Enquirer: 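Here it is, the structure, as structure tokens.
Computed from a predicted model, the values in this text were never measured in an experiment. All values below come from the heavy atoms of this structure, side chains included, with hydrogens, waters and symmetry mates left out. For ligands, and for the atoms within them, numbers begin at 1 and follow the listed sequence.
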Amino acid sequence: MQPEEFARYRDAARAIAAILSSSNRIVLTTHVRPDGDALGSVLGLGNALSAVGKQPRLILPSPIPASLGFLPGSSALEVYDASKHDAFIATADAIVCLDFNVLDRLDAMASAVAASPAVRLLVDHHLEPAPGFHAMLWDTEVASTAELVFALLLLEFPGAFSAAVATPLYTGILTDTGNFRFPRTTARTHRIVAALIEYGADPVAIAEALYDQNSPARLRLLGQVLRQLELHCDGACVLLQLRRKDVLDAGAREDETEGFVQHTLTVAGARVGVFISELLDGSDGVKVSLRSKGTFDVARIAEELGGGGHRNAAGAVVRGISLEAARQRVLAMIEAALHAE
Ligand code: 5GP
Ligand code: MN
């Protein structure tokens, strides 16, 4: 893979590398409820920095999903605890924010990061980063943050690649492209993936670790959810919903509902998919996940609900609302947007 492919990232990569190279106390972090790209990006960069002699702390605002525990280096991930981490964050030299761009996606960890005098760096592919980052490797045209981490390493730390770096980055790309199916999957994405395989990522082992680990409880819960599938807007909108009680009845864990939303767009003719779940921690409210095909913009709808995301994948947490009220509200918004086309 030629570094020239990443020529337009050169200045940003150089600025970030210079800061990291001169920093001793480095924090890497990502958004709450981390997915494959979030954790893959943190671990890919974290393992690479370790290889060049740094000892970054990988501090995350929420627990690591068991399904991603296979990623090399994941035992070094720490779940934020103010009493354990605030002192380090307050005296860090650099904090790298990966796969998110507004500090409130750090939940309880946000205030400590906002208050820290550390240099703040961004590596991300979401729209509209908040101000306040000293250097940004930011491109909304790439499907995954992991591709940007790959570019940063190829341009600035090419000696750091190993299977321990390639495996998380491959995982980030695989999951954020929906297994190479989503629109921003490009020839360059595949060239990056080819390089990662050469560095030691094992496609068979990674796919098995990601996709062939269902518990019977998860599949039964999915069955229950799929049985209640609803079609709206002449079949253009497919809706799935989940009650907390169903999760408890099935004996499934909270994180086992990850990915249910993907089934919505597999219905022929579906252009918008909605998955609404009661908050599984028992607090009052719902999580809304939105997916779309083509030009239908679900980020706008998520933003109106107080969340955000990309045109074809977005989400929001809406507090203090019942599942039924959220369902009506979201459906009305989608109906209006489809009518306005
Ligand atoms: P998911 O539906 O898988 O949770 O999220 C899909 C995408 O929507 C994520 O990659 C993220 O960009 C965005 N997203 C999900 N939940 C939130 C949220 O609560 N706030 C914001 N700003 N974005 C979200
Ligand atoms: Mn991502």
Side-chain angles (χ1 to χ4, degrees), residues 29-45 60-62 65 67-68 96-108 110 122-130 137-151 168-179 182-185 189 192 238-242 254-265 272-277 279-281 283 285-292 297-319 321 326 330:
T29 191
T30 188
H31 57 80
V32 285
R33 294 182 303 277
D35 54 15
D37 190 35
L39 282 182
S41 297
V42 166
L43 287 169
L45 182 59
L60 313 185
S62 46
S67 57
L68 293 166
V96 190
C97 297
L98 293 131
D99 198 41
F100 72 104
N101 61 25
V102 284
L103 292 188
D104 65 9
R105 295 217 72 212
L106 289 174
D107 266 12
L122 181 79
V123 182
D124 181 52
H125 67 141
H126 294 88
L127 299 167
E128 292 165 29
L137 181 51
W138 174 68
D139 185 357
T140 58
E141 293 301 310
V142 295
S144 62
T145 297
E147 287 159 85
L148 296 174
V149 174
F150 177 90
L169 295 182
Y170 181 100
T171 300
I173 296 171
L174 188 69
T175 53
D176 251 31
T177 58
N179 304 333
F182 295 157
R184 288 170 299 168
T185 307
T189 307
I192 294 172
V238 174
L239 180 134
L240 295 172
Q241 49 193 326
L242 176 74
E254 278 183 30
D255 63 350
E256 289 189 299
T257 63
E258 195 64 46
F260 282 11
V261 66
Q262 313 300 352
H263 293 275
T264 54
L265 290 184
V272 195
V274 189
F275 177 61
I276 310 182
S277 166
L279 291 178
L280 299 179
D281 62 7
S283 64
V286 300
K287 164 82 211 258
V288 181
S289 281
L290 296 157
R291 298 292 185 270
S292 68
D297 184 2
V298 287
R300 258 197 2 242
I301 292 172
E303 277 158 23
E304 234 179 283
L305 293 167
H310 315 274
R311 186 178 73 183
N312 297 124
V317 171
V318 190
R319 301 204 175 266
I321 193 170
V330 173

Enquirer: Does a side chain donor of either H31 or D107 reach within less than 3.5 Å of an acceptor in the other side chain?
Expert: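 No, no side-chain donor-acceptor contact under 3.5 Å.
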Enquirer: For T264 and L239, what are the C-alpha separation, side-chain angles and deciding distance, and is it a side chain to side chain contact (heavy atoms under 4.5 Å, CB included)?
Expert: CA-CA 7 Å; T264 54; L239 180 134; over 6 Å; no
Enquirer: For the pair V238 and V274, evaluate side chain to side chain contact (heavy atoms under 4.5 Å, CB included) and give the outcome as yes or no after the intermediate values.
Expert: CA-CA 6 Å; V238 174; V274 189; over 6 Å; no
Enquirer: Could you check whether the rings of F260 and F275 sit parallel, tilted or perpendicular, using 30° and 60° as the cut-offs?
Expert: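 Judged by the thresholds at 30° and 60°, the geometry between F260 and F275 is perpendicular.
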Enquirer: Hydrogens and angles aside, do E147 and T189 bring a side-chain donor and acceptor to less than 3.5 Å of each other?
Expert: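 The answer is yes; a qualifying pair exists.
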Enquirer: Could you verify whether a donor N or O on one side chain and an acceptor N or O on the other, from D99 and T145, lie under 3.5 Å apart?
Expert: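 Looking only at side-chain atoms, T145 and D99 do form a donor-acceptor pair, the distance falling under 3.5 Å.
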Enquirer: Looking at ligand 1, does V261 have a heavy atom less than 4.0 Å from it?
Expert: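 No, V261 has no heavy atoms under 4.0 Å from ligand 1.
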Enquirer: Minimum heavy-atom separation for P61 and R105, please, with both atom names.
Expert: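 P61 and R105 have their closest heavy atoms at CG-O, 4.4 Å.
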Enquirer: With the Mn ion (ligand 2) as the centre, enumerate protein N/O/S atoms below 2.8 Å in chain and residue order.
Expert: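 Near the Mn ion (ligand 2), the protein supplies D37 OD2, D99 OD1, H125 NE2, D176 OD2.
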Enquirer: Checking H125 against N101: is there a side-chain donor and acceptor pair closer than 3.5 Å?
Expert: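 There is no such pair between these side chains.
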Enquirer: To the closest 0.5 Å, what do you measure between OG1 (T30) and CG (D124)?
Expert: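 One finds 8.5 Å between OG1 of T30 and CG of D124.
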Enquirer: Which residue and non-hydrogen atom of the protein lie closest to atom 18 (C) of ligand 1, and at what distance in Å?
Expert: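 For this ligand atom, the closest protein heavy atom is G315 O, 3.6 Å.
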Enquirer: Which protein non-hydrogen atom lies closest to atom 4 (O) of ligand 1, naming both residue and atom, and how far is it?
Expert: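 For atom 4 (O) of ligand 1, the nearest protein heavy atom is K287 NZ, 2.5 Å.
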Enquirer: Which of the numbered atoms in ligand 1 are below 4.0 angstrom from a heavy atom of A316?
Expert: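 Checking each atom against A316, I get 16 (N), 19 (O).
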Enquirer: To which protein heavy atom is atom 6 (C) of ligand 1 closest, and what is the distance rounded to 0.1 Å?
Expert: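 Ranked first by proximity to atom 6 (C) of ligand 1 is R291 NH1, 3.5 Å.
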Enquirer: Checking a contact table here: which protein heavy atom is nearest atom 21 (C) of ligand 1, and how many Å away?
Expert: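 Answer for atom 21 (C) of ligand 1: G308 N, 3.2 Å.
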Enquirer: So, H310 and N312: side-chain donor and acceptor under 3.5 Å apart, yes or no?
Expert: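 Judged by distance alone, the side chains do not pair up.
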Enquirer: What is the nearest protein non-hydrogen atom to atom 10 (O) of ligand 1, stated with its residue, atom name and distance?
Expert: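 Of the protein heavy atoms, H126 NE2, 3.8 Å lies nearest.
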Enquirer: Sequence neighbours excluded, which residues qualify as side chain to side chain contact (heavy atoms under 4.5 Å, CB included) partners of N179?
Expert: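 Testing N179 for side chain to side chain contact (heavy atoms under 4.5 Å, CB included), a comparison that skips the adjacent residues, returns L174, Y211.
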Enquirer: Show the atoms of ligand 1 that are less than 4.0 angstrom away from any heavy atom in V317.
Expert: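 In order of number, 19 (O).
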Enquirer: Any protein heavy atom lying closer than 4.0 Å to atom 13 (C) of ligand 1?
Expert: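 Yes, because at least one protein heavy atom sits under 4.0 Å from atom 13 (C) of ligand 1.
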Enquirer: If you measure from each non-hydrogen atom of S289 to ligand 1, which part falls under 4.0 Å: side chain, backbone, both or neither?
Expert: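 Near ligand 1, S289 shows its backbone as well as its side chain.
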Enquirer: Who's the nearest protein heavy-atom neighbour of atom 11 (C) of ligand 1, and how far?
Expert: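 Going by distance alone, atom 11 (C) of ligand 1 is nearest to R105 NH1, 3.7 Å.
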